[in-house]
Protein chains: 2
Amino acid sequence: MGTRDQLIDSTRELLWERGYVGTSPKAIQQRAGAGQGSMYHHFAGKKDLALAAVRRSAAELLATAEAQLRTPGTAVDRITAYLRREREVLRGCPIGRLTQDPEIVADPELRAPVDETLGRLRARLAEVLDEGRSAGELPATADTAALAATIVAVLQGGYVLARAAAAPEPFDQAVSGVLSLLAAL
Amino acid sequence: MGTRDQLIDSTRELLWERGYVGTSPKAIQQRAGAGQGSMYHHFAGKKDLALAAVRRSAAELLATAEAQLRTPGTAVDRITAYLRREREVLRGCPIGRLTQDPEIVADPELRAPVDETLGRLRARLAEVLDEGRSAGELPATADTAALAATIVAVLQGGYVLARAAAAPEPFDQAVSGVLSLLAAL
DNA sequence: GTCTATAGCTCGATAGAC
DNA sequence: GTCTATCGAGCTATAGAC
């Protein structure tokens with residue numbers, strides 16, 4: 001792996017752990033084992049590097065989600081597979097986390113990939129729910145776009161509860177709750 | 001209002017907007033209209049001030065929730081009143097926001113009030129759901145603790161989606177989704 | 001109680017040698 | 001492509017006058 005990739009990966013980790021405001025070029029360089037000149041040779045600055053890092057994390061998140069949602073079974077089965085897949089819950093979501101960063105939401109360029117990623121995730125979940133509705137698994141009146149937003153919100157909010165408690169249990173409870181509600185539909 | 005209170009209020013605002021890592025003593029002083037000597041006279045430092053600010057925000061959050069949950073009606077009515085109350089959605093949750101801050105979750109003293117607040121909120125919602133279950137509004141088999149976690153997670157995650165989109169709609173969708181699921185129980 | 005001055009450090013970025 | 005040196009600013013905190 002080249003120095004450029006090392007820098008991107010270090011930035012991804014630090015953005016996940018500490019956010020944009022809490023991540024310094026110096027910390028990125030140290031984690032990547034690269035010097036200052038090297039970083040500013042490959043990237044225009046902190047923002048440029050963050051953009052590359054966020055885009056890579058976003059692509060990975062969507063690919064991982066797709067792997068779970070592509071499984072056979074009913075819509076609720078597929079969503080269960082997605083929600084129950086192994087997660088490092090206490091680390092939170094590498095993309096959702098960025099929405100709490102004032103400099104990310106204030107900058108259209110930095111916010112765009114975050115918005116697009118969560119938007120696509122919701123759209124994909126709505127698609128799965130649509131298929132379930134067409135198959136008669138869900139009521140014809142179900143608002144699949146709203147349910148998709150609820151599911152993604154449970155994930156993102158589950159991370160918040162788990163991190164507050166420093167334990168994964170509240171995340172698991174929140175997921176169990178929404179799955180029991182979906183199963184009862 | 002005294003200087004001490006001004007400092008606490010400014011810290012509350014800045015923690016909400018920028019988090020702990022993104023908030024400097026200097027910014028607090030400027031917003032409060034107080035000098036450095038004044039701040040360090042009233043508080044031992046940034047952490048001490050943050051503790052006072054978080055405790056005050058936590059008390060306010062729980063009091064506001066209680067005002068909505070105390071209303072008459074079924075459990076779902078009361079939870080609807082809570083979820084649908086007027087919110088500045090794009091600002092997010094002043095307490096949940098702190099779970100994304102590495103220095104808050106790493107410090108037991110700073111994390112404690114966050115954990116306690118979200119824990120109490122979940123417990124209070126579970127209580128409301130328990131009352132509804134006893135009244136026959138919910139199935140006897142409903143896992144009220146899990147549903148309470150789901151409801152708080154939808155709120156916290158709804159903020160995440162709204163901030164990503166820079167629009168309140170995803171929050172409203174997520175709330176609509178979970179309320180429709182609860183109504184169908 | 002509040003002020004100014006200052007400490008020692010890190011911030012994000014640039015310069016210029018090699 | 002990577003290095004070291006340096007910039008001007010801001011960081012959290014302390015000192016000591018008033």
Side-chain angles (χ1 to χ4, degrees), chain A residues 1-56 97-98 100-111, chain B residues 1-56 97-98 100-111:
Chain A
M1 190 163 58
T3 303
R4 193 189 146 86
D5 283 311
Q6 290 276 17
L7 284 163
I8 293 178
D9 276 1
S10 298
T11 306
R12 289 177 64 193
E13 290 175 16
L14 283 163
L15 286 180
W16 196 354
E17 293 169 16
R18 307 191 43 86
Y20 187 78
V21 162
T23 296
S24 70
K26 187 175 188 178
I28 293 168
Q29 293 151 24
Q30 286 176 338
R31 192 171 292 212
Q36 215 156 10
S38 186
M39 188 195 112
Y40 283 101
H41 169 74
H42 290 290
F43 299 94
K46 176 179 171 177
K47 177 178 165 180
D48 186 33
L49 189 38
L51 265 176
V54 171
R55 290 195 182 117
R56 196 170 286 189
R97 194 238 176 283
L98 303 172
Q100 302 306 318
D101 210 297
E103 301 191 13
I104 299 261
V105 294
D107 185 322
E109 276 193 283
L110 287 169
R111 187 176 60 77
Chain B
M1 190 163 57
T3 302
R4 192 189 147 86
D5 284 310
Q6 289 277 17
L7 284 164
I8 292 178
D9 276 2
S10 297
T11 306
R12 290 177 62 194
E13 290 175 17
L14 283 164
L15 286 180
W16 195 354
E17 291 168 20
R18 304 191 45 85
Y20 187 78
V21 162
T23 295
S24 70
K26 187 174 189 179
I28 293 169
Q29 293 150 25
Q30 286 176 338
R31 193 171 291 213
Q36 270 199 332
S38 186
M39 190 195 110
Y40 284 100
H41 168 75
H42 290 290
F43 298 95
K46 178 179 170 177
K47 177 178 165 181
D48 186 34
L49 189 38
L51 265 175
V54 172
R55 291 196 182 116
R56 198 172 284 188
R97 196 240 173 282
L98 303 173
Q100 301 306 319
D101 209 298
E103 301 192 12
I104 299 260
V105 293
D107 186 322
E109 276 192 284
L110 286 169
R111 188 177 58 78

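Letters go in sequence order (proteins before strands), and every chain restarts at 1. Quick caveat, the model's predicted, so the values are computed rather than measured.
Heavy-atom distances under 4.0 Å link DNA chain C to A/Gln36, A/Tyr40 of residues 34-43 of chain A, given in residue order. The stretch residues 18-29 of chain B touches DNA chain D through B/Thr23, B/Ser24, B/Pro25, B/Lys26, each having a heavy atom under 4.0 angstrom from the strand.
For A/Leu14 and C/dT10, the CG to C1' distance is 15 Å, given to the nearest whole Å.
Listed here is the closest heavy atom pair of A/Val21 and B/Gly22: CG1-CA, 3.5 Å. The shortest non-hydrogen separation linking B/Thr11 to B/Ala50 is CG2-CA, 4.1 Å. Residues A/Gly19 and A/Asp101 share a closest heavy-atom pair of C-OD2, 3.4 Å.
Taking 4.0 Å as the cutoff to heavy atoms of chain B, we find the contact window on DNA chain D bounded by D/dC11 to D/dT14.
Residues passing the salt bridge (charged side-chain N to carboxylate O under 4.0 Å, His left out) test with B/Arg12 are B/Asp9, B/Glu60, sequence neighbours excluded.
Counting only distance, with no hydrogens or angles, the side chain of B/Gln6 and the backbone of B/Gly2 share no donor-acceptor pair below 3.5 Å.
Taking CD1 of A/Ile28 as the reference point, atom CG of A/Leu49 lies at 4.5 Å (rounded to 0.5 Å).
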Does the side-chain contact (heavy atoms from CB on, under 4.5 Å) test come out yes or no for B/Phe43 and B/Ile8, once each step is laid out?
CA-CA 10 Å; B/Phe43 298 95; B/Ile8 292 178; 3.6 Å; yes
So B/Leu110 and B/Glu103, side-chain contact (heavy atoms from CB on, under 4.5 Å) or not? Walk me through it.
CA-CA 8 Å; B/Leu110 286 169; B/Glu103 301 192 12; 5.6 Å; no
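Residue pairs meeting the side chain to side chain donor-acceptor pair (under 3.5 Å) criterion with at least one member in residues 35-54 of chain A, sequence neighbours excluded, are A/Lys47-A/Asp107, A/Lys47-A/Glu109. Screening residues 15-27 of chain A for side chain to side chain donor-acceptor pair (under 3.5 Å) gives A/Glu17-A/Arg31 as the qualifying pairs, with residues at least two apart or on separate chains.
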